[in-house]
Number of protein chains: 2
Amino acid sequence: MPLPQTEMPGRLQAYCAERGIRMTQQRRAILRVMETASKHLDAAQLLRKAQKLDASVDRSTVYRTLRLLKRQGLIDELDLMHIHGEGHYYERKLNRDHIHMACLRCGKIMEFVSDIFEKLKGQVEKDCRFRIVVSRLEIGGYCANCSK
Amino acid sequence: MPLPQTEMPGRLQAYCAERGIRMTQQRRAILRVMETASKHLDAAQLLRKAQKLDASVDRSTVYRTLRLLKRQGLIDELDLMHIHGEGHYYERKLNRDHIHMACLRCGKIMEFVSDIFEKLKGQVEKDCRFRIVVSRLEIGGYCANCSK
DNA sequence: ATACCTGCAAAATATTTGCACCACA
DNA sequence: TGTGGTGCAAATATTTTGCAGGTAT
């Protein structure tokens with residue numbers, strides 16, 4: 001049976017509570033957006049959505065919270081091949097790492113879970129004696145539709 | 001026998017010539033730096049080194065040339081887990097893709113070539129019917145020394 | 001109570017663009 | 001000779017920081 005690819009809303013806040021991280025009105029709004037977002041928000045989108053929940057949220061609080069969540073290993077930072085601009089995209093870390101594919105023609109972002117990817121990480125840990133904390137595989141190319 | 005991991009200097013210029021790309025004094029300097037660099041230069045370092053060969057090289061020409069080389073698939077763009085700042089790093093594309101590992105403690109960058117990586121890319125192309133143009137696997141964690 | 005967070009404004013960093021001029025092919 | 005490249009300066013985009021005051025625990 002495949003592992004679930006999402007967790008219940010509230011889980012990010014629960015993690016923060018477990019780790020003794022102070023919860024504020026603004027962080028609650030930002031975490032809620034991260035939890036319910038379909039996918040891949042950049043800082044500006046995250047700010048806009050969080051402000052709908054709490055109008056007082058400031059851009060710097062968004063960046064400070066993103067840094068916090070990154071340090072805690074609760075979110076991943078992506079480039080998505082910089083298909084739209086130079087910024088970063090964020091998504092909450094789920095049970096299994098996945099690969100991101102970005103179509104250079106239509107801009108679609110796809111995800112893919114692979115046992116081979118897990119095996120590759122195992123090889124790096126073993127052969128290089130490297131303890132992996134975070135990994136990111138991003139692929140640019142042409143999706144099935146755009147290759148036709 | 002392992003494939004060579006470097007190519008002779010001049011190769012980048014040769015590629016550009018083959019493709020009918022106009023060669024200028026400034027581009028020559030920039031390509032030369034890319035060719036002879038040990039590894040992983042960011043735009044500012046590339047500018048500084050190129051200016052030693054041709055003092056007239058401007059920052060915007062560096063960025064314009066990087067964009068050109070990226071589009072031509074002659075260089076790869078890396079984040080190296082943003083160990084130093086938010087910019088990008090560049091390296092010329094070699095015969096085989098390799099994985100980059102960045103030690104979050106000492107900052108060392110390591111590279112690793114793996115057949116499993118090749119196999120993984122093959123799987124993506126086949127299972128997702130995705131035609132890969134560029135791929136980037138970056139790993140953050142702790143190197144053998146810093147894990148001790 | 002107090003350590004930690006926040007908004008605001010400004011700074012820092014990174015990259016791109018408009019334009020007049022210049023140089024490669 | 002003409003297309004495309006260049007430097008320069010200014011604009012844009014993205015992220016960070018100092019500070020005075022506010023809030024969660």
Side-chain angles (χ1 to χ4, degrees), chain A residues 12-33 40-72 75 77-90, chain B residues 12-33 40-48 50-72 74-75 77-90:
Chain A
L12 271 182
Q13 284 186 48
Y15 277 124
C16 290
E18 281 167 28
R19 300 177 195 204
I21 291 166
R22 185 178 294 190
M23 194 46 52
T24 64
Q25 187 79 184
Q26 293 86 347
R27 285 185 179 170
R28 243 187 297 278
I30 294 167
L31 296 192
R32 183 137 194 76
V33 173
H40 308 142
L41 299 175
D42 65 22
Q45 294 169 319
L46 182 51
L47 172 62
R48 236 175 305 121
K49 284 173 183 283
Q51 284 179 332
K52 285 188 188 158
L53 301 182
D54 176 346
S56 79
V57 174
D58 186 75
R59 186 189 316 283
S60 39
T61 299
V62 167
Y63 280 108
R64 288 191 270 235
T65 303
L66 285 172
R67 193 194 305 169
L68 172 73
L69 297 174
K70 260 191 287 182
R71 274 200 312 254
Q72 295 290 327
I75 61 172
E77 185 179 60
L78 308 168
D79 275 19
L80 301 182
M81 302 322 277
H82 292 305
I83 278 201
H84 309 104
E86 285 301 307
H88 294 108
Y89 296 85
Y90 301 90
Chain B
L12 271 183
Q13 284 186 47
Y15 278 125
C16 289
E18 281 167 29
R19 299 178 196 204
I21 292 166
R22 184 180 295 191
M23 193 47 51
T24 65
Q25 187 80 184
Q26 293 87 346
R27 284 185 179 171
R28 243 188 298 277
I30 294 167
L31 296 191
R32 182 136 195 76
V33 172
H40 308 141
L41 299 175
D42 64 22
Q45 294 169 318
L46 182 51
L47 172 63
R48 238 177 300 120
Q51 284 179 332
K52 287 188 188 159
L53 302 182
D54 176 346
S56 80
V57 174
D58 186 75
R59 185 188 317 283
S60 37
T61 299
V62 168
Y63 281 109
R64 289 191 270 234
T65 303
L66 284 171
R67 193 192 307 169
L68 172 73
L69 296 174
K70 260 190 287 179
R71 272 199 312 252
Q72 295 290 327
L74 295 172
I75 61 172
E77 185 179 60
L78 308 167
D79 275 18
L80 301 181
M81 301 324 276
H82 292 305
I83 279 202
H84 309 102
E86 286 299 308
H88 294 108
Y89 296 85
Y90 301 90

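Throughout, protein chains are lettered first and strands after them, A, B, ... in sequence-line order, and every chain is numbered starting at 1.
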Using whole Å, report how far [atom1] of [X] lies from [atom2] of [N].
X	N	atom1	atom2	answer
A:L68	D:dT15	CG	C1'	16 Å
B:H82	C:dA12	NE2	C1'	16 Å
A:D54	C:dT6	CG	C1'	11 Å
A:L47	D:dT16	CG	C1'	15 Å
A:Q13	D:dT25	CD	P	11 Å
B:Q26	D:dG4	CD	C1'	13 Å
B:L66	D:dG5	CG	C1'	15 Å

Exercise for the section: Measure from the side-chain N and O atoms of A:R27 to the backbone N and O of A:I21, and report whether any donor-acceptor pair falls under 3.5 Å. Expected result: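 Side chain of A:R27 to backbone of A:I21, a donor-acceptor pair under 3.5 Å: no, none is there.
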
Exercise for the section: Kindly say whether A:L53 contributes a backbone atom to a donor-acceptor pair with the side chain of A:R32 at under 3.5 angstrom? Expected result: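 Side chain of A:R32 to backbone of A:L53: no pair is present.
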
Problem - Enclosure of A:R59 CZ (heavy-atom neighbours >12, cutoff 6.0 Å) - result: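 No, the 6.0 Å shell around CZ holds no more than 12 heavy atoms from other groups.
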
Exercise for the section: Mind listing the closest non-hydrogen atom pair of B:K70 and B:Y90 along with its distance? Expected result: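 Shortest heavy-atom separation between B:K70 and B:Y90 comes out as CE-CE2, 4.4 Å.
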
Problem - Atom of A:A50, atom of A:I30 and distance for their closest heavy-atom approach - result: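 Residues A:A50 and A:I30, closest heavy atoms: CB-CG1, 4.0 Å.
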
Problem - side chain to side chain donor-acceptor pair (under 3.5 Å) partners for B:D42, two or more places apart - result: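 Counting only residues at least two positions away or on another chain, B:D42 forms no side chain to side chain donor-acceptor pair (under 3.5 Å).
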
Handout entry: Strand contacts (DNA chain D) in residues 17-25 of chain B, 4.0 angstrom heavy-atom criterion
Key =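 The answer is B:R22, B:T24.
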
Practice task
Using a 4.0 Å heavy-atom cut-off, write out nucleotides 13-19 of chain C from 5' to 3' as B (base contacted by protein), S (sugar-phosphate only) or - (no contact).
Solution key: -SBBBB-

Exercise for the section: Please work out which of the three classes, parallel, tilted or perpendicular, describes the rings of A:H88 and B:H82, given edges at 30° and 60°. Expected result: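 Taking A:H88 first and then B:H82, their aromatic rings stand perpendicular (interplane angle over 60°).
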
Problem - Pairwise distance CD(B:Q45) to NE2(B:H40) - rounded to 0.5 angstrom - result: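 One finds 11.0 Å between CD of B:Q45 and NE2 of B:H40.
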
